Amino acid sequence: MSGWWEALLAMAVFLLSHSIPARAGLRDRLVGQFGRAGYLTLYSLISLVLLVWLIVAIGRAPYVPLWPFATWQLWVPLLVMPFVCLLAALGLAVPNPLSLGGLSQGFDPDRPGIVGITRHPLLWAFALWAVAHALAKGDLAHLFLFGGFALFSILGAWVIDRRRRRQLGHATWRELARNAPFLPFGRLGATRLSGWPLWPSALRGGFAVLLFAALLVLHEPVIGLWPLPPGLTHG
């Protein structure tokens with residue numbers, strides 16, 4: 001049971017640390033104390049240390065298979081991760097007062113860009129990454145790890161909605177969110193895809209391709225597992 005207790009503790013501390021960016025008051029106090037660059041550097045270092053601890057703790061947990069391994073499981077993250085990288089690249093630091101990682105100025109609800117697909121692109125990218133990897137692993141410890149990440153992302157999006165609605169006022173929030181669904185493509189047939197500046201969007205798309213390639217190349221040396229199904233080189 002010691003392995004499970006360490007995994008539970010590591011997950012709790014990791015998720016608690018990642019609630020800080022969503023708590024504006026605490027985040028602002030930390031930025032005021034350390035400066036924005038200092039806060040981001042310190043927060044990134046702490047997050048990295050906690051993530052390493054969490055991965056190690058999950059590796060120490062007892063192995064409990066939930067379903068037999070099949071080659072198709074390796075195809076799930078391979079097919080999902082390009083969309084994850086694209087959502088993350090397009091959603092980071094764009095005009096989006098409705099979610100985490102967005103800028104408060106310059107958002108036009110009639111030309112929402114990526115926010116017209118979902119108002120929480122970064123959180124949905126994280127959730128899709130987690131679900132795809134949970135299916136690929138198929139054991140209890142990794143389901144706990146990746147399932148916890150996915151649940152945290154979706155609940156976090158719901159909490160941010162409540163907070164933004166309270167901060168902005170219901171009428172203002174509803175006006176800003178009228179073309180910005182919670183679920184990706186949640187308003188299929190009415191999704192507003194206008195508001196995509198050509199060159200910034202192209203550059204972000206190129207970054208998504210580079211990010212996906214980097215994840216493939218670094219997966220084995222960093223994680224210790226070759227990410228491609230058998231037959232796609234490297235056996």
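Keep in mind the model is a prediction, meaning the values are calculated, not measured. Heads up: numbering here begins at 1 and tracks the sequence.
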message = Between L87 and F83, does the side chain to side chain contact (heavy atoms under 4.5 Å, CB included) criterion hold? Intermediate values first, please.
response = CA-CA 6 Å; L87 266 180; F83 296 100; 5.8 Å; no

Close side-chain approach of [X] to [Y], heavy-atom, < 4.5 Å:
X	Y	answer
V94	I114	yes
H142	L145	yes
L50	V13	yes
F144	I58	yes
I154	W124	yes
F69	L74	yes
L183	T118	no
W53	L9	yes

inquiry  = Is it the case that the ring center of F149 lies less than 6.0 angstrom away from the ring center of F14?
reply    = yes

Honestly curious: do [X] and [Y] fall in one hydrophobic cluster under the side-chain, below-4.5 Å linking rule?
X	Y	result
W4	L151	no
V52	I55	no
L45	L15	no
L51	V84	yes
L54	L8	yes

task = Would you please name every residue forming a salt bridge (Lys or Arg N to Asp or Glu O under 4.0 Å) with D161, sequence neighbours left out?
result = R119

ask   = Could you go step by step and tell me if D139 and V64 meet the side chain to side chain contact (heavy atoms under 4.5 Å, CB included) rule?
value = CA-CA 5 Å; D139 66 280; V64 181; 5.9 Å; no

Just by modelled atom types, is the [Y] backbone N or O under 3.5 Å from a matching donor or acceptor in the [X] side chain?
X	Y	answer
R204	L92	yes
Q73	A136	yes
H133	W129	yes
N179	G116	no

About how many Å separate [atom2] of [Y] and [atom1] of [X], when rounded to the nearest 0.5 Å?
X	Y	atom1	atom2	value
L90	L203	CG	CG	11.0 Å
K137	W67	NZ	CH2	11.5 Å
N96	Q105	CG	CD	12.5 Å

Taking all heavy atoms of [X] and all of [Y], pick out the closest pair and write down the distance.
X	Y	value
V115	P181	O-CD, 4.0 Å
H120	S99	ND1-OG, 2.6 Å
P97	L176	CG-CD1, 3.9 Å
L168	T172	O-CB, 3.4 Å
P95	F107	O-CD1, 3.2 Å
P82	P77	CD-O, 4.5 Å

ask   = Above 12 or not: heavy atoms from other molecules or residues under 6.0 Å from CZ of F207?
value = no

key: side chain to side chain contact (heavy atoms under 4.5 Å, CB included) between Q33 and R29, intermediate numbers included   = CA-CA 6 Å; Q33 183 173 356; R29 286 197 297 272; over 6 Å; no

inquiry  = Whether R164 engages the ring of W173 as a cation-pi pair (distance to the six-membered ring centre under 6.0 angstrom, angle to the ring normal within 45°) should be assessed.
reply    = no

task = Apply side chain to side chain contact (heavy atoms under 4.5 Å, CB included) to the pair M81 and L215, showing each step before the final yes or no.
result = CA-CA 9 Å; M81 285 305 296; L215 291 174; 3.7 Å; yes

